[in-house]
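Structure, as structure tokens:
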Amino acid sequence: MSVVAGPASAPVETLRLAVAAESEAAGRAENQDVALALAIGPAPGDTSGEDFLLVVADGMGGHPAGDVASRIAAETLRDAFPAMPSGDLGLALKQAYRKANGAIYQEGQANPAEAGMGTTLVAALLHGKYATLANVGDSRAYLLRGNGLTQVTQDHTLVAEEVARGAITADAARNDPRRNVLTHALGLNARLESRLPGIFELTLLPGDRILLCSDGLYDVLDDVDIQRTLSGEDPGAAAKALVEMAKGRGTRDNATAVVAVAIPTRVPVVSPLPAPASRTGGVPGMAIAAVIAALLLLLLVLALVLLGAIPFA
Ligand code: CA
């Protein structure tokens with residue numbers, strides 16, 4: 001049976017997510033960054049579909065075994081989220097960060113060559129239009145909405161804290177030689193401070209982009225570079241272009257970009273009308289009525305003929 005669309009059926013704009021990750025050694029011999037962009041299972045009982053885990057971990061340069069620390073951090077999150085938790089996502093991320101911190105610290109204690117290793121960790125759980133992000137260190141999450149690029153996460157660096165206190169300006173912080181000195185990282189202490197990680201929540205709009213990246217990327221790109229490169233629809237092409245641009249600008253560090261695009265999707269609203277003397281059912285119905293009327297007329301004529309009312313020639 002055909003469905004007849006109602007007269008006031010404007011399409012509803014919704015979104016679907018596409019994600020990609022790109023990470024290169026770029027300005028160094030070895031890549032101590034780790035990036036993940038994974039589709040994960042739905043929460044129990046949830047049928048709405050699209051769930052993703054995004055991660056960037058940047059092993060601390062100058063520390064031994066930075067690559068071990070970033071790998072443990074990323075793997076701990078990957079293992080913690082085979083599927084979207086059904087409860088408080090911020091709390092679930094905090095617990096996973098505590099687990100990652102403990103695992104890195106214990107690995108460092110057990111292996112003197114790895115003692116003192118640490119890593120940044122920025123992560124996002126995406127459930128349809130809902131994004132929950134967590135951060136320790138100076139890897140970043142950005143949101144591009146329209147033409148506006150904003151940093152979602154707060155850096156745990158000396159200069160970021162000075163900017164927050166009003167001691168220096170954000171512009172001065174960009175070129176401050178101490179800008180990569182971290183105040184917090186995972187794995188340096190047995191316990192992570194209770195206020196860590198920072199948790200940030202977003203409700204995505206169709207067309208939004210999220211970028212997770214390491215300092216080796218954002219240190220050499222300005223906001224306009226990032227905004228222009230992120231605006232394409234293909235997250236893989238955007239992530240690759242950002243890393244290539246960082247290399248082209250001569251980054252001396254590893255360069256990593258994880259990109260999520262909330263692709264606008266127009267879903268037509270179909271409101272079935274009650275079937276009128278409908279096109280599908282009406283024609284056969286009328287034909288049957290016409291046949292019955294013709295038969296009745298024939299019977300009437302026959303009766304009149306038999307009664308003599310109509311002379312039979
Ligand atoms: Ca770095």
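Here the structure is a predicted model, which means the values were calculated and not measured. Counting starts at 1 for both ligands and their atoms, following the listed order. All values below were derived from every heavy atom in this structure, side-chain atoms included, with hydrogens, water molecules and symmetry-related copies excluded.
Of all the N, O or S atoms in Asp58, the one closest to the Ca ion (ligand 1) is OD2. Restricting Asp215 to its N, O or S atoms, the one at the least distance from the Ca ion (ligand 1) is OD1. Within Asp253, OD2 is the N, O or S atom that lies nearest to the Ca ion (ligand 1).
Thr256 and Leu217 get closest at one heavy-atom pair: O-CB, 4.0 Å.
For residues 187-208, every residue pair satisfying the salt bridge (Lys or Arg N to Asp or Glu O under 4.0 Å) rule, not counting sequence neighbours, is listed here: Arg145-Asp208, Glu193-Arg195.
Asp219 and Arg249 are not joined by a salt bridge, as no carboxylate oxygen comes within less than 4.0 angstrom of a charged side-chain nitrogen.
Metal site remark for the Ca ion (ligand 1): Asp33 contributes no N, O or S atom at a distance under 3.0 Å.
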Q: Please lay out, stage by stage, how Glu244 and Lys240 fare under the test salt bridge (charged side-chain N to carboxylate O under 4.0 Å, His left out).
A: CA-CA 6 Å; Glu244 285 303 317; Lys240 205 169 182 60; 5.4 Å; no
